[in-house]
Enquirer: 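I'd like to ask you about the structure that follows.
In what follows, chains are A, B, ... by sequence order, proteins preceding strands, each numbered from 1.
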There are 2 protein chains.
Amino acid sequence: MDARVSSQAIRLDILETLDFNNCPVRDVMGQIGGKWAPLLLISLSERPYRFSDLRRSVPDISQRMLTQTLRDLERDGFVARTVYPTKPPSVEYALTPLGRSLLVPLSGVINWAESNHEAVRAARIRYDAA
Amino acid sequence: MDARVSSQAIRLDILETLDFNNCPVRDVMGQIGGKWAPLLLISLSERPYRFSDLRRSVPDISQRMLTQTLRDLERDGFVARTVYPTKPPSVEYALTPLGRSLLVPLSGVINWAESNHEAVRAARIRYDAA
DNA sequence: GCCCAAGGTTACAAAAAGGGAACTGCCATG
DNA sequence: CATGGCAGTTCCCTTTTTGTAACCTTGGGC
């Protein structure tokens, strides 16, 4: 387990300025903490995708949730939606600069999740046994 | 806006191995994406806290949600709960090494949220106007 | 003429998350 | 003896989120 880290490595500038009524943490995490948003952001970090490509890349998402999550990400400025007037109009979704900048810290959490998934599952089993 | 970043800075090891039925991203984000968990983790990153101290430090949380969120964080191995048999028993909550290691990448997202909160709010206003 | 793909929307149902208030047991203080 | 702090638990209700399924339009291929 590489879970040991010197606490000096952590800087939380937020602690001094946190406003609970207008909380940036909630505002951002509320979106990226949804069920599908992180997965879509991961896919889009690779390259732009069309609507149907995203459906295929995230197999168990419904059309409804895909539309809704993309609209939310677009609203927050993380994703840009571009309609190309081809024969059947095609719609491309791509990360904006803001979305790409979010992915820098977010990918840290994602990689942590990958690395420490087993430790979390083990902790749950220990807790549930007691 | 410092939202521009070279995409080379992003490494998503997860892309090749992602299993949608046993998804580490969901497993971890599901917890830390809750309404109260990030705020509690931030408080606990400072120092261990007792139950009532946490209530005071996160003023609008109810007793019910505080207990429940702490139990979830304990179950996942992020927080340790220690009961001291003092006159009125006092209960201390502290980050575990696993919890502290999570805070390293998580604080990156938190600081991003602080820095880019205004950009997100501005994007929302633009979107809602159209 | 029929069916399919793209890119959705709408209505409805189910499930999960969160909130409010009351109640508990223990001990201490005034 | 009443009040208040600590650390919760329980019940019930509302809100939010997610899922299921059906429907829509335009255009192309067979």
Enquirer: With sequence neighbours left out, write down each residue that passes side chain to side chain contact (heavy atoms under 4.5 Å, CB included) with S90(B), or none if nothing qualifies.
Expert: R50(B), Y84(B), T86(B)
Enquirer: Less than 4.0 Å between a side-chain N and a carboxylate O, is that true for R56(A) and D53(A)?
Expert: yes
Enquirer: When the distance from CG of L39(B) to P of dG18(C) is rounded to whole Å, what number comes out?
Expert: 12 Å
Enquirer: Kindly give the heavy-atom pair with the smallest separation between G77(A) and L98(A), and that separation in Å.
Expert: O-CB, 3.6 Å
Enquirer: Which is true for R81(B) with a 4.0 Å heavy-atom rule: it touches a base, it touches only sugar-phosphate, or it touches nothing?
Expert: sugar-phosphate
Enquirer: Under the rule for side chain to side chain contact (heavy atoms under 4.5 Å, CB included), what residues qualify as partners of E118(A), not counting sequence neighbours?
Expert: R121(A)
Enquirer: dG8(C) C1' sits how many Å from I61(A) CD1, rounded?
Expert: 14 Å
Enquirer: Walking along DNA chain D from 5' to 3', note the first and the last nucleotide with an atom under 4.0 Å from a heavy atom of chain B, and give both.
Expert: dC6(D) to dC11(D)
Enquirer: Taking DNA chain C as the partner, which of residues 64-72 of chain A come within under 4.0 angstrom of it by heavy atom?
Expert: R64(A), T67(A), R71(A)
Enquirer: Taking only residues two or more places apart in sequence, or in another chain, which ones meet R47(A) in a side-chain hydrogen bond (donor to acceptor under 3.5 Å, both in side chains)?
Expert: none
Enquirer: I need the L106(A) CG to F78(A) CZ distance, nearest 0.5 Å.
Expert: 9.5 Å
Enquirer: Quick one: salt bridge (Lys or Arg N to Asp or Glu O under 4.0 Å) partners of R126(B), sequence neighbours excluded?
Expert: none
Enquirer: For residues 62-71 of chain B, run the donor-acceptor check on the side chains, cut-off 3.5 Å, and write out each pair with its distance to 0.1 Å, sequence neighbours left out.
Expert:
| from | atom 1 | to | atom 2 | distance (Å) |
| --- | --- | --- | --- | --- |
| S62(B) | OG | M65(B) | N | 3.2 |
| Q63(B) | OE1 | R55(B) | NH1 | 3.3 |
| T67(B) | OG1 | Q63(B) | O | 3.0 |
| T69(B) | OG1 | M65(B) | O | 2.7 |
| R71(B) | NH1 | Y93(B) | OH | 3.3 |

Enquirer: Quick one: R55(A) CZ to dA6(C) C1', roughly how many Å, whole number?
Expert: 10 Å
Enquirer: Taking side-chain hydrogen bond (donor to acceptor under 3.5 Å, both in side chains) as the definition, give me every residue that meets it alongside D27(A), ordered by chain and number, with sequence neighbours left out.
Expert: H117(B), R124(B)
Enquirer: Check the hydrophobic clustering (I, L, V, M, F, W, Y; side-chain heavy atoms under 4.5 Å; chains of links allowed) and say if I125(B) and V28(A) are grouped together.
Expert: no
Enquirer: Rounded to whole angstrom units, what separation is found between the CG atom of L54(A) and the P atom of dA6(C)?
Expert: 12 Å
Enquirer: NA contact type, S52(B), heavy-atom cut-off 4.0 Å: base, sugar-phosphate, or nothing?
Expert: sugar-phosphate
Enquirer: Taking C-beta and beyond as the side chain, do D60(A) and W36(A) meet within less than 4.5 Å on heavy atoms?
Expert: yes
Enquirer: Does anything in residues 83-91 of chain B reach DNA chain D, meaning a heavy atom under 4.0 Å, and if so which residues?
Expert: P89(B), S90(B), V91(B)
Enquirer: To the nearest Å, give me how far apart CZ (F51(A)) and P (dA6(C)) are.
Expert: 10 Å
